[in-house]
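To start, the structure itself, in C-alpha coordinates.
All residue numbers in this chain count up from 1 along the given sequence.
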Amino acid sequence: MHGRARPRCCYIVLKPPDGMALLEVPAQDIERFLQETETLVPRGSESERIDSDVLLRPPPRRRLRSSCPESCSGRDCGRTHRCRPRPF
(Lines give C-alpha, C1' and ligand atoms only; values in the text may rest on other atoms or scores of the structure.)
Protein backbone atom coordinates (compact mmCIF):
# COMPACT_ATOMS: atom_id res chain seq x y z
CA MET A 1 0.00 0.00 0.00
CA HIS A 2 2.65 2.48 -0.93
CA GLY A 3 1.44 5.99 -1.62
CA ARG A 4 -2.08 5.47 -0.29
CA ALA A 5 -3.16 6.42 3.19
CA ARG A 6 -5.10 3.74 4.99
CA PRO A 7 -8.37 5.02 6.50
CA ARG A 8 -8.43 5.26 10.29
CA CYS A 9 -10.41 2.46 11.90
CA CYS A 10 -11.83 1.61 15.30
CA TYR A 11 -11.85 -1.96 16.49
CA ILE A 12 -14.69 -3.24 18.65
CA VAL A 13 -14.33 -6.56 20.46
CA LEU A 14 -17.46 -8.48 21.47
CA LYS A 15 -16.96 -11.40 23.84
CA PRO A 16 -20.19 -13.29 24.50
CA PRO A 17 -19.86 -16.58 26.37
CA ASP A 18 -19.75 -18.63 23.16
CA GLY A 19 -16.88 -16.95 21.33
CA MET A 20 -15.52 -13.63 20.16
CA ALA A 21 -16.05 -11.15 17.33
CA LEU A 22 -13.68 -8.41 16.22
CA LEU A 23 -15.41 -5.62 14.32
CA GLU A 24 -13.50 -3.09 12.24
CA VAL A 25 -15.39 0.17 11.73
CA PRO A 26 -14.17 3.25 9.85
CA ALA A 27 -13.39 5.99 12.39
CA GLN A 28 -15.44 8.52 10.40
CA ASP A 29 -18.56 6.37 10.93
CA ILE A 30 -17.96 6.32 14.69
CA GLU A 31 -17.33 10.08 14.70
CA ARG A 32 -20.54 10.73 12.76
CA PHE A 33 -22.54 8.46 15.09
CA LEU A 34 -21.17 10.26 18.17
CA GLN A 35 -21.91 13.69 16.68
CA GLU A 36 -25.49 12.69 15.84
CA THR A 37 -25.92 11.20 19.32
CA GLU A 38 -24.66 14.37 20.98
CA THR A 39 -27.11 16.39 18.89
CA LEU A 40 -29.98 14.30 20.26
CA VAL A 41 -28.63 14.05 23.83
CA PRO A 42 -26.25 16.93 24.63
CA ARG A 43 -23.38 16.22 27.03
CA GLY A 44 -24.42 16.59 30.63
CA SER A 45 -28.12 16.00 29.94
CA GLU A 46 -27.98 12.19 30.01
CA SER A 47 -29.28 11.91 33.57
CA GLU A 48 -32.35 13.95 32.63
CA ARG A 49 -33.26 11.38 29.99
CA ILE A 50 -32.59 8.11 31.86
CA ASP A 51 -34.84 6.83 34.62
CA SER A 52 -32.24 5.08 36.78
CA ASP A 53 -34.93 3.80 39.15
CA VAL A 54 -36.33 1.69 36.32
CA LEU A 55 -32.87 0.41 35.39
CA LEU A 56 -32.09 -0.60 38.98
CA ARG A 57 -35.45 -2.28 39.64
CA PRO A 58 -35.27 -6.08 39.55
CA PRO A 59 -36.96 -7.64 36.52
CA PRO A 60 -40.52 -8.90 36.99
CA ARG A 61 -40.87 -12.54 37.98
CA ARG A 62 -41.90 -14.79 35.15
CA ARG A 63 -45.09 -16.77 35.54
CA LEU A 64 -44.84 -20.48 34.95
CA ARG A 65 -47.18 -22.72 33.04
CA SER A 66 -47.41 -26.44 32.99
CA SER A 67 -45.52 -28.45 30.41
CA CYS A 68 -47.88 -31.36 30.96
CA PRO A 69 -49.73 -32.34 27.79
CA GLU A 70 -52.71 -33.12 30.02
CA SER A 71 -53.02 -29.47 31.15
CA CYS A 72 -52.09 -30.24 34.76
CA SER A 73 -51.46 -27.48 37.26
CA GLY A 74 -47.68 -27.80 36.96
CA ARG A 75 -47.30 -30.13 39.94
CA ASP A 76 -46.86 -33.85 39.76
CA CYS A 77 -50.34 -34.95 38.76
CA GLY A 78 -49.79 -38.58 39.76
CA ARG A 79 -50.00 -39.90 36.23
CA THR A 80 -47.19 -41.82 34.60
CA HIS A 81 -45.44 -38.62 33.60
CA ARG A 82 -43.85 -35.84 35.69
CA CYS A 83 -45.40 -32.42 35.31
CA ARG A 84 -42.83 -29.64 35.31
CA PRO A 85 -43.61 -25.93 35.13
CA ARG A 86 -42.00 -24.08 32.28
CA PRO A 87 -41.66 -20.33 31.61
CA PHE A 88 -44.18 -18.61 29.37
Pairs under 3.5 angstrom only: tabulate donor-acceptor contacts from the side chains of residues 25-35 to other protein residues two or more places apart or in another chain.
from: D29; atom 1: OD1; to: R32; atom 2: NH2; distance (Å): 2.7
from: E31; atom 1: OE2; to: R8; atom 2: NH2; distance (Å): 2.5

Revision key, fill the gap. Smallest heavy-atom separation, S45 atom then P42 atom, equals OG-O, 2.6 Å
Exercise for review: Using modelled atom types only, decide if a donor and an acceptor are shared between the side chain of E46 and the backbone of G44 within a distance under 3.5 Å.
Suggested key: yes
What side-chain donor-acceptor pairs closer than 3.5 Å can you find for residues 49-58, not counting sequence neighbours?
from: D51; atom 1: OD1; to: D53; atom 2: N; distance (Å): 3.3

